[in-house]
There are 2 protein chains.
Amino acid sequence: MKTSVKDEIRASGKRMTRTRQAVLGVLESTKYPLSPLELYACLQKQNVAIDPVTVYRNLNALKTIGLVRRIKLHHDDQFRYEMKEGRAHHHHIRCRICGKIEDLLLCPLKKLTSMIERETRFLVGDHSLEFSGWCPKCQ
Amino acid sequence: MKTSVKDEIRASGKRMTRTRQAVLGVLESTKYPLSPLELYACLQKQNVAIDPVTVYRNLNALKTIGLVRRIKLHHDDQFRYEMKEGRAHHHHIRCRICGKIEDLLLCPLKKLTSMIERETRFLVGDHSLEFSGWCPKCQ
DNA sequence: TCACTTATTGCAAGTAGATTGCGATTAGCA
DNA sequence: TGCTAATCGCAATCTACTTGCAATAAGTGA
């Protein structure tokens with residue numbers, strides 16, 4: 001884990017605890033967004049003693065600081081979390097069979113925003129875009 | 001309610017009941033996707049005697065037949081339902097303040113699909129796209 | 001029109017994911 | 001080392017939704 005992460009946590013008045021470090025460790029080493037309970041299962045495999053509630057609370061805290069991003073995928077009834085740092089604006093594709101999630105690095109929507117603002121008179125703040133389909137293994 | 005709707009229900013071996021008719025009535029007269037409990041509240045205002053469970057079951061049944069579409073918006077922890085009929089593929093924009101939801105009729109993503117398939121080797125089945133921001137009243 | 005079959009309903013209870021209350025623990029600083 | 005408040009674990013609670021079951025009623029076929 002990078003020193004800067006610990007610094008950011010301290011800077012916000014929060015503490016770097018054993019459990020928080022473990023949660024961050026899993027998030028940093030996982031390439032796709034994790035649900036709280038998936039993360040909890042990961043920690044159990046690593047023999048980290050932790051309560052599921054603590055995982056929830058840590059994810060919330062890290063989201064509040066801004067270290068972690070919370071997302072909700074379309075055919076998925078739980079929230080997922082991913083590290084923000086070093087990850088630009090991106091979207092996801094998810095396999096309908098095995099649930100595998102991958103990043104999409106392109107975003108074709110920036111140009112579209114002003115058109116939508118004209119049409120709807122909404123002021124656009126953000127967008128979410130997600131594809132689903134079948135991953136190479138499940139086709 | 002259109003006769004064809006009743007026919008489709010009968011054709012699938014289901015029955016047109018008082019409650020199902022009421023659920024369909026609300027869906028047909030609402031221009032944005034409703035959550036089961038919003039729909040239930042609507043029916044209560046209309047003095048329709050119905051149990052929330054029945055709303056859930058009817059929405060599920062109508063989804064199974066294919067009359068109704070179930071969607072999940074990004075910062076929303078419940079499912080929403082809208083009539084399928086007469087409504088082409090479209091996306092939504094949602095106000096962060098008041099929750100107002102409007103349809104977006106454009107979809108810029110059809111061209112993108114083959115590019116994503118090449119990049120990820122996924123086979124793309126569907127996508128979801130949603131904007132959030134501030135509606136005219138809340139700006 | 002009536003009787004029969006079975007989809008549908010209402011009520012109660014159960015799930016899953018997430019949140020909250022509270023007393024015990026511990027990080028981080030003086 | 002000792003203090004203070006953030007954090008933790010456990011139990012209880014909450015919300016959205018589902019399931020079980022006995023009672024009801026839609027639609028058919030005589």
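- Across the protein-nucleic acid pair, B/Asn58 atom CG and C/dT8 atom C1' stand 8 Å apart, rounded to whole Å.
- Residues B/Lys72 and A/Arg18 each lie close to DNA chain D; by heavy-atom proximity, the contact nearer the 5' end of the strand is made by A/Arg18.
- When the nearest nucleotides of DNA chain C are assigned to A/Pro36 and A/Arg57 by heavy-atom distance, the more 5′-ward of the two goes with A/Pro36.
- The phosphate of C/dT19 has OP1 or OP2 within less than 4.0 Å of a side-chain N or O from A/Asn60.
- The distance from atom CD of A/Glu38 to atom C1' of C/dA18 is 15 Å, rounded to the nearest whole Å.
- Picking from C/dT8, C/dG17, C/dA12 the nucleotide with the shortest atom distance to the side chain of B/Val53 gives C/dA12.
- Across the protein-nucleic acid pair, A/Leu43 atom CG and D/dG9 atom P stand 11 Å apart, rounded to whole Å.
- A ring-centre distance under 6.0 Å is found for B/His127 and B/His89.
- The environment of A/Arg10 atom CZ is dense: over 12 non-hydrogen atoms of other residues, nucleotides or ligands sit within 6.0 angstrom.
- The side chain of A/Tyr56 places no N or O atom within less than 4.0 Å of a non-bridging phosphate oxygen (OP1 or OP2) of C/dT19.
- Classification of B/Lys31 and B/Glu82 as a salt-bridged pair fails, no side-chain N sitting under 4.0 Å from a carboxylate O.
- Nucleotide C/dA7 holds its P atom 15 Å from the CD1 atom of B/Ile9, rounded to whole Å.
- The side chain of B/Arg10 has D/dT28 as its nearest neighbour among D/dT28, C/dA18, D/dG9.
- Taking the side chain of A/Lys6 as heavy atoms from C-beta on, and the options C/dG28, D/dA16, C/dG17, the nearest nucleotide is C/dG28.
- Relative to the side chain of B/Asp51, the nucleotides C/dT6, C/dG10, C/dG28 differ in distance, and C/dG10 lies closest.
- Using a distance-only test at 3.5 Å, with no hydrogens or angles considered, no donor-acceptor pair links the side chain of A/Thr30 to the main chain of A/Tyr32.
- The nearest whole Å value for the distance from the CG atom in B/Asp77 to the P atom in D/dT15 is 11 Å.
- Residue B/Asp7 contributes atom CG, which lies 11 Å from atom P of D/dG27 at whole-angstrom precision.
- Atom pair A/Gln78:CD and C/dA18:C1' shows a separation of 11 Å (rounding to whole Å applied).
- Set against D/dA16, D/dG27, C/dA18, the side chain of A/Phe79 has C/dA18 as its closest nucleotide.
- Considering only side-chain atoms of B/Ile50, the nucleotide from C/dG17, C/dG10, D/dA26 that sits closest is C/dG10.
- The nucleotide whose nearest atom lies closest to any side-chain atom of A/Arg20 is, among C/dT8, D/dT7, C/dG28, D/dT7.
- Using a cut-off of 4.0 Å between Lys/Arg side-chain N and Asp/Glu carboxylate O, B/Glu102 and B/Arg94 are scored as not salt-bridged.
- Regarding A/Arg15, its CZ atom lies at a distance of 9 Å from the P atom of C/dC29, rounded to whole Å.
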